[in-house]
Amino acid sequence: MAQITPDMTISSVVDRWPDAARIFARYGLSCASCSISKSETIHAGATGHGGGRVNVEDLMRDLNVLADSGKLPDNLPAASATASMGGMKMRGMAEQKGIKHVIAVMSGKGGVGKSLVAGLLAVGLKRRGFRVGVLDGDITGPSIPRMFGVREKPPVAPDGKSLMPSFSRGAIPIMSMNLLLPDEGDAVIWRGPMVSGAIRQFFSDVQWGELDYLIVDLPPGTSDAPLTVMQALPVDGVVLVTTPQALAAMVVTKAVKLVKQLGGEILGIVENMAYVRTPDGSHIEVFGPSQGLKLVIASNAPLIAKLPIDPEIARLSDAGLIESYESPESEELIVNFLERAPEKHPQVAVA
Ligand SMILES: Nc1ncnc2c1ncn2[C@@H]1O[C@H](COP(=O)(O)OP(=O)(O)OP(=O)(O)O)[C@@H](O)[C@H]1O
Ligand SMILES: [Mg+2]
């Protein structure tokens, strides 16, 4: 007998089989993450939000494959065919604009080094010849422009309708709300719909040029703010950042759940501030022992880097010189990212 039936609530199914959220998302029911799902049955969800387009029979079959085997079925509807993670329209626009992959950097907790990892990814990929841009999705913080030492206001494009991004010293295009504010210190307090509107415009109305990767720095948290940004953009993959504190690890588990609910893929986990290197070469684990293994189990994604606390990072990012930072660990981050990434080699321009 089927373990999952249409009269069960979406949330009860997701609670018991967390991966079911991915199946719901693939069927266009990314509302598995919204509060309605607490009381909504699968049948109501599929016939309501799905606008009657959801094939309930197929959905039930796939859910029960998961319940019976513990594994996701092989032939789920393609992610691009659903309304999750930015939706079809934004995906189509990405193609039109020549932006191949949108990668979001996320964490549960604030201050763990999201912006740093977004910066290091961009810098490392650029060094390897990829075309990379950075979209600052944290509209309240100045981290990205500051780290890259960018102050120049994004100029209006020649068409008079769109904006050019600002460029870092190393020619990485960057767009941030902070660059549009009269004063760097001006905080923006906006409601969700305005944030999604702004983020969408950062994507659609900015002349990024052709990009292999657009790296998106998300705002902190596992609730509305990062969710709003992720839903506004056609995100392909997510890199999760944490520190070894148990608490941070727990919050990351929540982030993992959120990404799954949106039908997204976690490419890898970065453990930041994992240790301090002493002059004699040994490591001190300031924030306690690594939680890497726990995170790998919780997210089913690999640990792609363990970054030490490095005064050089703090110094260079404060000075706007993150592009000068080099370390074996940040190299490893790029190597491992590319192992998992959708695009493994830069397009070599033919002369
Ligand atoms: N491994 C590290 N070694 C030294 N300093 C670091 C390291 N990682 C981050 N920092 C510093 O810690 C501060 C917070 O980092 P960052 O801004 O990247 O975190 P965040 O997660 O983006 O924060 P927020 O949640 O506020 O957006 C920055 O000043 C950064 O330079
Ligand atoms: Mg940040």
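Order of appearance sets the numbers: ligands from 1, and atoms from 1 within every ligand. All values below come from the heavy atoms of this structure, side chains included, with hydrogens, waters and symmetry mates left out. Count residues from 1 along the sequence.
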Legend entry - Criterion salt bridge (charged side-chain N to carboxylate O under 4.0 Å, His left out) on E323 and R169, from CA distance to verdict: CA-CA 8 Å; E323 286 165 292; R169 285 183 186 78; 5.1 Å; no

Just by distance, with hydrogens left out, do [X] and [Y] show a side-chain donor and acceptor under 3.5 Å apart?
{"X": "Y27", "Y": "D62", "answer": "yes"}
{"X": "D7", "Y": "T5", "answer": "yes"}
{"X": "S12", "Y": "D15", "answer": "no"}
{"X": "N64", "Y": "Q3", "answer": "no"}
{"X": "E271", "Y": "S290", "answer": "yes"}

Legend entry - Under 3.5 Å: donor-acceptor pair, side chain of K97, backbone of V206: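 Yes; at least one donor-acceptor contact below 3.5 Å.
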
Legend entry - Test item: D136 side-chain N/O and M175 main-chain N/O as donor-acceptor pair under 3.5 Å: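 Side chain of D136 to backbone of M175, a donor-acceptor pair under 3.5 Å: no, none is there.
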
Hey, is ligand 1 close enough to [X] that some N/O pair sits below 3.5 Å?
{"X": "I313", "answer": "no"}
{"X": "L307", "answer": "no"}
{"X": "S317", "answer": "yes"}
{"X": "G113", "answer": "yes"}
{"X": "D310", "answer": "yes"}

Inset, instruction - Tell me which part of N272 gets within contact of ligand 1: side chain, backbone, both or neither, using heavy atoms under 4.0 Å. - result: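 Only the side chain of N272 comes within reach of ligand 1.
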
Inset, instruction - Have a look at ligand 1 and work out which part of S115, if any, has a heavy atom under 4.0 Å from it: side chain, backbone, both or neither. - result: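 Both backbone and side chain.
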
Inset, instruction - Only heavy atoms count here, so choose which of P311, G111, P142 is nearest to atom 26 (O) of ligand 1. - result: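 Nearest heavy atom to atom 26 (O) of ligand 1 lies in G111.
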
Return the closest protein heavy atom for [atom] as residue, atom name and distance.
{"atom": "atom 20 (P) of ligand 1", "result": "K114 N, 3.4 Å"}
{"atom": "atom 18 (O) of ligand 1", "result": "L116 N, 2.9 Å"}
{"atom": "atom 29 (O) of ligand 1", "result": "D318 OD1, 4.6 Å"}

Find all atoms of ligand 1 within a distance of less than 4.0 Å from any non-hydrogen atom belonging to [X], and give their numbers and elements.
{"X": "M273", "result": "8 (N), 9 (C)"}
{"X": "D138", "result": "27 (O)"}
{"X": "G110", "result": "25 (O)"}
{"X": "P308", "result": "1 (N), 2 (C), 3 (N)"}

Legend entry - Salt bridge present between E329 and R277 (N-O < 4.0 angstrom):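 Yes, charged N to carboxylate O under 4.0 Å.
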
Can you find a protein heavy atom closer to [atom] than 4.0 Å?
{"atom": "atom 13 (C) of ligand 1", "result": "no"}
{"atom": "atom 9 (C) of ligand 1", "result": "yes"}
{"atom": "atom 16 (P) of ligand 1", "result": "yes"}
{"atom": "atom 4 (C) of ligand 1", "result": "yes"}

Inset, instruction - Kindly determine whether S176 and N178 satisfy side chain to side chain donor-acceptor pair (under 3.5 Å), including the steps that lead there. - result: CA-CA 5 Å; S176 169; N178 217 260; 5.4 Å; no

Inset, instruction - Tell me, please, if S115 has any N/O/S atom, main chain or side chain, under 2.8 Å from the Mg ion (ligand 2)? - result: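 Under 2.8 Å: S115 contacts the Mg ion (ligand 2) through an N, O or S atom.
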
Inset, instruction - Please state whether the rings of Y213 and H101 are parallel, tilted or perpendicular, taking 30° and 60° as the class boundaries. - result: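 If you compare the ring of Y213 with that of H101, the planes turn out tilted.
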
Inset, instruction - Find the distance between CD1 (I199) and CG (L135) and round it off to the nearest 0.5 Å. - result: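 It is 6.0 Å, given to the nearest 0.5 Å.
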
